[in-house]
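Numbers restart at 1 for each chain; the letters A, B, ... are given by sequence-line order, proteins then strands.
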2 protein chains.
Amino acid sequence: MTSQDQAKQVAPVGFDEEGGALQLGELSELLGYSLKRAQLKVFEDFLRCMAPLQLTPAQFSVLLLLDKNPGRNQTEIANTLGILRPNFVSLLDALESRDLLTRMRSPSDRRSHVLMLTDKGRATLARAKKLVATRHEARLIEVLGPAEHKALLGMMAKIAREF
Amino acid sequence: MTSQDQAKQVAPVGFDEEGGALQLGELSELLGYSLKRAQLKVFEDFLRCMAPLQLTPAQFSVLLLLDKNPGRNQTEIANTLGILRPNFVSLLDALESRDLLTRMRSPSDRRSHVLMLTDKGRATLARAKKLVATRHEARLIEVLGPAEHKALLGMMAKIAREF
DNA sequence: TATTGTTATACTCTATAACTATA
DNA sequence: TATAGTTATAGAGTATAACAATA
C-alpha cells in the first residue's frame, strides 16, 4: 500500500506547540488564499445585510444590471455577469416568480426574451441599494477607511480586467 | 487556441444602443462583485501556473500548512483552513494516494490522525512554492506593482480578520 | 445553418446528520 | 457522555451537450 516508514525528520513525539494556534506561515503571503477568505466574508456580510429582502449577490447584480440596461435579452445579461446561459434560467425563474422582473418575447426576434424590471423589481432594487450602502459598504469603509476602500476597488477591477 | 480567449470583449464606450456593450453601472462600485471576479481570475492563474504539479489552491494550502505545523491532526488543519472535517477526508485521500502525506494514528489518542508530509510531499511543496513565486505571484506583482500588491495583501488579511 | 432559451446532466464545493472507534 | 475520523447525502455553483422554436 502506501508508505509507512518515511518522515523521520520530525518525530511524532515532542510536540512543542500542543494545543497552540497554528502557524499560517507563507499562507498569509498567498494572495489567492487571502482573497478567497476575504471574498467569503464579504458575501456573508452581504447576505446578512440583505436578509430583509432575501436577495443573493448574484440576484442583486442581475437587478442592478437590468435597471441600467433595460430591454436586453438573457444572453446579453448573462454574458456580462459571467453566468452561463443554462444556469441563468433558474436564476431568472426565481426572480420572475417573485414578480421582480418580466420576460417578454422580443417582437423583432421571437427567439429572444427581453428582460425588464417590474415596478416591484425597481422598488425592491431601491431598497436593496439602500441596504447595501448603509449597512454593507458602510461597514467595509469603516474597517478599511475610505481611501483604502477606493484603492481596493481599483485593484480588484484591475485584476479582473488585466490579469 | 491562443493565450487570449475572448471571455469578455470590451467594446468602445458610447455604444449604449442595440448591440453595444452593457453599462455595468453601480456594479463596478460593488466591492463584493469585483472581489469575486478578481478571486476567480487569480485561482484560474494559480491552476495554470501549477499545472505541472497538478495541485489545486486548497491542496497547496494543506501542504503549506502541514510543512509549517507537522504532527497536527485533521481537525486542527481543517479548521485552520476553514474546511469542514467531512469534506477534508477526500482531500486528504487524494494527497495521501499520491504519497504526498501520511496519516498516522496518534499514540496518545488513537482516535486522531497525525498528519505529516512525506519526503515526496516536501519535494513537491518546494517545487510548488517556486512555481507560485516565479509564475503566479510574479505576474500579480507585475500587474499591480510591488507596493499595491503588498497593500492588497494587508487589506485582504484585514477583511478576513476584522470583517 | 446558426442562435435563443431551455432541459438534462455531471462535477465540484459546501453543509449537516449519523455512524465507528476511541476517550 | 464526548470527540476524531468517516460515510452518506443534499444543496449550491458551474460546466457541456442537445433539443425546439426561430432566424
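The closest donor-acceptor contact from the side chain of A/Thr118 to the backbone of A/Asp99 lies under 3.5 Å.
Here the straight-line distance linking atom CG of A/Leu131 with atom OG1 of A/Thr134 works out to 5.5 Å at 0.5 Å rounding. Separation of atoms CG (B/Leu100) and CG (B/Asp119) is listed at 11.5 Å; rounding is to 0.5 Å. In this structure, the separation between CD on B/Gln23 and CG on A/Asp67 is 12.0 Å, given to the nearest 0.5 Å.
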Item to complete: Using a 4.0 Å cut-off on protein heavy atoms (strictly under), produce a 5'-to-3' string for nucleotides 15-23 of chain C with B for base contact, S for backbone-only sugar-phosphate contact, and - for none.
Response: BBB---BBS
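Atom pair B/Phe88:CZ and C/dC13:P shows a separation of 14 Å (rounding to whole Å applied). Rounded to a whole Å, the CG atom of A/Leu81 is 15 Å from the C1' atom of D/dG13. Atom CD of B/Glu96 is separated from atom C1' of D/dT6 by 13 Å (rounded to the nearest Å). The separation between A/Gln39 atom CD and D/dG13 atom C1' is 12 Å, rounded to whole Å. Taking atom CZ on A/Arg103 and atom C1' on C/dT6, their separation rounds to 9 Å, with Å as the unit. The interatomic distance linking A/Arg85 (CZ) with D/dA21 (P) rounds to 22 Å, in whole Å. Atoms CG (A/Leu47) and C1' (D/dA12) sit 12 Å apart, rounded to a whole Å. Going from atom CG of A/Leu92 over to atom C1' of C/dT7 covers 15 Å, rounded to whole Å.
Two residues are said to be in side-chain contact when any heavy atoms from C-beta on lie closer than 4.5 Å; B/Phe43 and A/Leu35 fail this criterion. Considering only heavy atoms from C-beta on, B/Leu24 comes within 4.5 Å of A/Leu65 through its side chain.
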Tell me which donor-acceptor pairs under 3.5 Å the side chains of residues 146-163 of chain B have, and how far apart each pair is, sequence neighbours excluded?
unit_1	atom_1	unit_2	atom_2	d
B/His149	NE2	B/Glu137	OE1	2.9

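Surrounding CZ of A/Arg127 are at most 12 heavy atoms belonging to other residues, nucleotides or ligands under 6.0 Å away.
Contacts between residues 49-63 of chain A and DNA chain C, defined by a heavy-atom separation under 4.0 Å, are absent.
Side-chain nitrogen and oxygen atoms of B/Ser112 include none within less than 4.0 Å of the OP1 or OP2 phosphate oxygen of D/dG5. For C/dT14, one of the phosphate oxygens OP1 or OP2 lies less than 4.0 angstrom from a side-chain nitrogen or oxygen of A/Lys36.
Classified by interplanar angle (parallel below 30°, tilted 30° to 60°, perpendicular above 60°), the ring pair A/Phe46/A/His136 is perpendicular.
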